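See below for the structure under consideration.
Not measured: the values here are computed from a predicted model. Order of appearance sets the numbers: ligands from 1, and atoms from 1 within every ligand. Keep in mind that the numbers below use all heavy atoms, side chains included, and drop hydrogens, waters and symmetry copies.
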Amino acid sequence: MTKPSRRTIVTGGAGFLGSHLCERLIARGDHVTCVDDFSTGSEANIRHLLHNPRFAVIRQDVNLTLRLEADEIYNLACPASPVQYQNDPVQTVKTNVHGAINMLDLARATGAKIFQASTSEVYGDPEVHPQTEDYWGFVNPIGVRSCYDEGKRCAETLFFDYWRQYGVKIKVSRIFNTYGPRMHPQDGRVVSNFIVQALQNKDITIYGDGAQTRSFCYVSDLIDGILSFMDGDEAFIGPVNLGNPDEISVRDLAERICRMTGGTSGIIYKDLPGDDPRRRRPSIALAREKLGWQPTIHLDDGLAATIAYFRQVLFPPLGPG
Ligand code: NAD
Ligand code: UDP
């Protein structure tokens with residue numbers, strides 16, 4: 001007898017990462033329900049899945065309770081760009097905390113395994129470099145980034161308490177900066193900003209002196225990591241870092257993108273936003289050991305694919321006639 005296909009819920013499924021995840025889950029045969037309020041996601045991200053009889057969309061805020069049968073839940077709902085999450089910080093905290101409670105209650109009621117998209121932001125402006133999972137972080141509880149950082153920290157707490165108290169099957173991963181096609185051109189993140197500016201020959205906006213670092217993971221590598229974590233040993237619940245350990249300064253990133261797009265942009269310097277972390281790079285030793293996972297896509301290749309995507313979004317080919 002063939003195994004029945006999994007009933008899978010993806011919150012935030014119309015967003016950048018969520019849409020790639022939905023695509024992969026559909027491809028492996030799951031019945032996927034995307035739950036999204038479309039606050040930062042878009043129908044364009046999932047349009048190619050809408051015709052599929054195994055794909056459904058519920059337009060709903062995760063702060064409202066949801067009752068659905070499920071075998072697996074991937075909890076991704078939450079804006080990821082600092083500009084977006086600071087737009088309505090109270091809603092960001094609610095999404096992280098109430099949303100997590102609602103999804104954990106659903107996992108408890110259905111017996112589903114539940115994945116949490118946590119973040120490198122739980123480490124704040126880290127004093128340990130590279131960041132390992134046993135580092136507790138250096139986080140401002142009352143700053144402009146706190147709605148996200150502390151919201152995600154509280155969500156991790158909830159996940160581990162539901163596991164300890166109710167035996168809910170959890171998986172918590174800390175995702176580091178990820179980029180690729182379907183990032184929103186105006187969402188304010190560094191990779192999308194720089195590429196969009198460069199393709200339009202506008203000035204590249206570096207915040208601060210550009211010496212701050214990040215480590216950028218291409219989206220397909222990240223989705224591979226999430227899926228092998230969810231499908232792997234049930235006893236390994238995380239938290240586990242998922243990201244690319246190749247570190248680059250924001251200034252070097254700007255120069256690289258300018259070179260690759262071949263435009264005429266100059267570089268301008270703007271004020272550094274509040275509490276902007278100075279350095280960020282994951283230790284992925286745990287992911288390597290437990291999941292046999294590591295990123296495979298070099299930054300140049302990932303940027304080339306992302307530039308091609310934004311080129312087509314900004315300058316769509318003219319139709320016939
Ligand atoms: P995104 O903004 O593209 O996607 C978020 C999705 O969640 C959107 O479709 C949005 O409409 C939806 N959403 C937001 N609030 C909601 C709510 N209250 N109810 C229902 N839907 C809601 O961001 P992304 O980059 O795809 O990030 C997805 C998840 O991964 C987030 O939880 C984010 O914190 C986490 N993450 C992402 C990165 C990254 O670099 N992309 C890094 C660390 C963590
Ligand atoms: N940044 C920048 N110019 C931009 C957008 C971002 O210099 O147009 C910087 C930002 O200050 C931060 C880094 O790039 O130091 C990464 O920013 P992003 O918003 O992508 O994500 P973060 O890692 O800060 O959450």
Side-chain angles (χ1 to χ4, degrees), residues 10-22 34-43 45-46 57-64 66 74-86 88 91-100 102-103 115-122 125 145 148-149 151-152 155 173-180 182-184 187-197 203-217 219 222 226 241-244 248-251 253-254 267-280 282:
V10 180
T11 76
F16 161 50
L17 296 182
S19 62
H20 286 275
L21 180 61
C22 287
C34 158
V35 179
D36 202 300
D37 68 355
F38 291 83
S39 50
T40 59
S42 75
E43 196 182 298
N45 285 343
I46 49 169
V57 181
I58 298 177
R59 184 181 280 265
Q60 188 182 303
D61 187 331
V62 289
N63 291 310
L64 303 172
L66 184 70
Y74 293 79
N75 187 38
L76 274 70
C78 180
S81 151
V83 175
Q84 300 288 0
Y85 69 65
Q86 289 168 32
D88 187 347
Q91 172 68 3
T92 300
V93 178
K94 284 183 181 169
T95 298
N96 276 316
V97 178
H98 292 172
N102 285 335
M103 290 309 131
F115 168 87
Q116 169 65 357
S118 190
T119 167
S120 52
E121 295 287 315
V122 301
D125 189 4
R145 291 174 83 103
Y148 186 76
D149 302 7
K152 289 281 187 183
S173 95
R174 295 179 179 154
I175 299 169
F176 284 62
N177 295 66
T178 302
Y179 70 101
R182 300 203 200 120
M183 295 183 87
H184 195 284
D187 87 352
R189 283 183 264 191
V190 69
V191 173
S192 43
N193 267 12
F194 286 1
I195 294 178
V196 168
Q197 290 161 345
D203 286 336
I204 306 277
T205 53
I206 290 186
Y207 303 156
D209 61 7
Q212 70 272 32
T213 67
R214 295 292 186 272
S215 306
F216 295 99
C217 184
V219 59
L222 182 84
I226 291 176
N241 292 338
L242 292 177
N244 190 316
I248 182 171
S249 74
V250 165
R251 198 183 317 115
L253 179 73
I267 287 182
I268 55 166
Y269 290 86
K270 293 195 161 185
D271 290 345
L272 193 64
D275 291 337
D276 201 276
R278 283 158 300 167
R279 302 184 74 185
R280 193 184 288 148

- Message: Would Y85 count as a polar contact of ligand 2, with the cut-off being nitrogen or oxygen pairs under 3.5 Å?
- Response: no

- Closest to atom 2 (O) of ligand 1 among protein heavy atoms sits T40 OG1, 2.7 Å

- Identify the protein heavy atom lying closest to atom 11 (O) of ligand 2, giving its residue, its atom name and the separation to 0.1 Å. D276 OD2, 2.7 Å

- Task: Name the closest protein heavy atom to atom 29 (C) of ligand 1, giving the residue it belongs to and the distance to 0.1 Å.
- Result: L76 O, 3.2 Å

- Message: Tell me the protein heavy atom at minimum distance from atom 13 (C) of ligand 2, and give that distance in Å.
- Response: V250 CG2, 3.8 Å

- Of all protein heavy atoms, the one nearest atom 7 (O) of ligand 2 is Y207 N, 2.8 Å

- Message: With a cutoff of 4.0 Å, is R174 in contact with ligand 1, counting heavy atoms of the residue only?
- Response: no

- Looking at side-chain heavy atoms only, is the closest gap between K152 and Y85 below 4.5 Å? no

- Residue, atom name and distance, where the atom is the protein heavy atom closest to atom 22 (C) of ligand 1: D37 OD1, 3.1 Å

- Report the part of P277 in contact with ligand 2, treating N, CA, C, O as backbone and CB onward as side chain, heavy atoms under 4.0 Å; options are side chain, backbone, both, neither. neither

- If you measure from each non-hydrogen atom of K270 to ligand 2, which part falls under 4.0 Å: side chain, backbone, both or neither? neither

- Query: If you count the atoms of ligand 1 from 1 in the order shown, which ones are under 4.0 Å from a heavy atom of Q91?
  - Reply: 18 (N)

- Task: Would you check whether T119 has a nitrogen or oxygen atom less than 3.5 angstrom from a nitrogen or oxygen atom of ligand 1?
- Result: no

- May I ask you to check whether V190 has an N/O atom sitting below 3.5 Å from an N/O atom of ligand 2? yes

- Query: Which residue supplies the protein heavy atom nearest to atom 3 (N) of ligand 2, what is that atom called, and how far is it?
  - Reply: T205 O, 2.6 Å

- Query: Which is it for V191 and ligand 2 at heavy atoms under 4.0 Å: side chain, backbone, both or neither?
  - Reply: neither

- Item | Backbone or side-chain N or O of R189 under 3.5 Å from ligand 2 N or O | no

- Message: I want to know if ligand 1 touches N177 in the polar sense, i.e. an N/O pair below 3.5 angstrom.
- Response: no

- Message: For the 3.5 Å polar cut-off, considering only N or O atoms, please tell me whether Q212 and ligand 2 meet it.
- Response: yes

- Message: What I want to know is whether V35 and ligand 1 share at least one N or O pair that is separated by under 3.5 angstrom.
- Response: no

- Query: Which protein heavy atom lies closest to atom 21 (O) of ligand 2, and at what distance to 0.1 Å?
  - Reply: N177 ND2, 3.7 Å

- Specify the protein heavy atom at minimum distance from atom 4 (O) of ligand 1: its residue, its atom name, and the distance to 0.1 Å. G15 CA, 3.5 Å

- Task: Give the residue, atom name and distance (to 0.1 Å) of the protein heavy atom nearest atom 25 (O) of ligand 2.
- Result: R145 NH2, 3.0 Å

- Message: Please list the nearest protein heavy atom to atom 24 (P) of ligand 1 with its residue and the distance rounded to 0.1 Å.
- Response: A80 CB, 3.8 Å

- Query: Counting only N and O atoms by type, is there a donor-acceptor contact under 3.5 Å from the side chain of S81 to the main-chain atoms of D187?
  - Reply: yes

- Ranking S118, A117, G243 by closest non-hydrogen atom to atom 44 (C) of ligand 1, top hit is S118

- In terms of residue, atom name and distance, what is the protein heavy atom nearest to atom 34 (O) of ligand 1? Y148 OH, 2.6 Å

- atom 25 (O) of ligand 1 has as its nearest protein heavy atom R189 NH1, 2.9 Å

- Looking only at protein heavy atoms, identify the closest one to atom 14 (C) of ligand 1 and say how far it is in Å. S39 OG, 3.3 Å

- Message: Treating R251 as the side-chain partner and D209 as the backbone partner, does any N or O pair qualify as donor plus acceptor under 3.5 Å?
- Response: yes

- Is ligand 1 under 4.0 Å from a heavy atom in the side chain of F16, in the backbone, in both, or in neither? both

- So for R279 against ligand 2, with non-hydrogen atoms under 4.0 Å, the contacting part is neither

- Query: Between T178 and ligand 1, is there a nitrogen or oxygen pair with a distance under 3.5 Å?
  - Reply: yes

- Query: Do any nitrogen or oxygen atoms of K152 come within less than 3.5 Å of a nitrogen or oxygen of ligand 1?
  - Reply: yes

- Message: Counting only nitrogen or oxygen atoms and a 3.5 angstrom limit, does P79 reach ligand 1?
- Response: no

